[in-house]
Amino acid sequence: MNLVSVQTFMDNFSTLNINHNNAEIIICPSVIHIPILKDYNLSYVNIGAQDCSIFQNFGAQTGEVCASMLAELGVKYVILGHCERRYLGENEDMILSKIDASLKANIIPIVCFGEDEHEHLTMDTWTIVQQKLSFLKGLNHKNTIVIAYEPIWSIGSGKIPDNLYINSILTHAKQYLKDDGYLFVYGGSVTAKNARDILKISDGLLIGSASLEVTKLYDIMMCYHGL
Ligand SMILES: O=C(CO)COP(=O)(O)O
């Protein structure tokens with residue numbers, strides 16, 4: 001999104017009548033647009049970032065945006081390990097460093113994992129969970145961490161696993177990580193049509209393209225009512 005579309009989005013979003021008691025709303029803009037969200041000062045919206053540096057504090061790391069700098073901007077959540085970041089070379093060691101840096105800055109990590117289409121067709125859900133989440137085993141944390149199951153083949157494609165499959169992945173992920181400090185959300189082609197069903201089996205949604213239009217986002221948020 002560019003500056004004008006972010007401002008238009010926020011103008012429209014801030015006029016919505018939202019019963020925010022039902023769900024926590026987190027908006028994760030590009031880092032450069034975070035101050036715009038902050039200016040709207042919406043008490044019912046938490047600000048998230050789309051990434052952070054592996055370094056916790058600023059220093060001689062040209063171009064890096066550290067978790068501690070994000071915290072100064074009022075950021076409460078950060079998406080880590082999104083497949084679009086992994087395409088650019090982010091690996092599990094880097095994600096672990098980012099988790100550590102964000103927790104130290106009191107920012108809750110939203111750690112993404114998911115299988116590609118080939119893995120989806122050839123692996124069972126338990127194997128997928130073990131393979132994709134093993135790097136988190138033994139992570140010693142006292143704070144909340146959000147785990148976002150985002151099948152790569154579903155992101156932006158309009159294709160979505162059925163609820164049985166999503167439930168199998170999330171249930172295995174809970175068993176595998178064996179920790180109360182995790183919340184489990186789903187992302188990938190979420191719309192108002194599928195949101196209510198997914199919310200019955202997950203702690204929340206990570207919404208991409210449908211969140212760019214306020215009316216579509218509003219329709220999805222309304223799915224939280226009466227759950
Ligand atoms: O990647 C996503 C959110 O991080 C999901 O994107 P879509 O909702 O557009 O599939």
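One-based numbering, in listed order, for ligands and for the atoms of each.
- Ligand 1 places these atoms under 4.0 Å from at least one heavy atom of G208: 3 (C), 5 (C), 6 (O), 7 (P), 8 (O), 9 (O).
- For Q7 and Y40, the side-chain atoms include no donor-acceptor pair closer than 3.5 Å.
- The main-chain N or O of D197 is found under 3.5 Å from a side-chain atom of N163 such that the two form a donor-acceptor pair.
- Using a 4.0 Å cut-off to heavy atoms of G156, the atoms of ligand 1 that qualify are 7 (P), 9 (O), 10 (O).
- The aromatic rings of Y149 and F113 are tilted relative to each other, their planes meeting at an angle between 30° and 60°.
- The protein heavy atom nearest to atom 5 (C) of ligand 1 is E150 OE2, 3.6 Å.
- For ligand 1, none of its N or O atoms has an N or O atom of I155 under 3.5 Å away.
- Residue-ligand proximity, S209 to ligand 1, at heavy-atom distances under 4.0 Å covers atoms 7 (P), 8 (O), 9 (O).
- No side-chain N or O of Q50 forms a donor-acceptor pair with one of H82 less than 3.5 Å apart.
- Heavy atoms of S189 come nearer than 4.0 angstrom to ligand 1 in at least one pair.
- Listed by chain and residue number, nothing satisfies the ring pair (Phe, Tyr, Trp, His ring centres under 6.0 Å) test with F58 (two or more places apart in sequence, or in another chain).
- A donor and an acceptor atom, one from each side chain of D100 and S97, are nowhere located under 3.5 Å apart.
- Heavy-atom contacts of H82 reach the following atoms of ligand 1: 1 (O), 2 (C), 3 (C), 4 (O) (cutoff under 4.0 Å).
- Put simply, no part of G187 is less than 4.0 Å from ligand 1, judged by heavy atoms.
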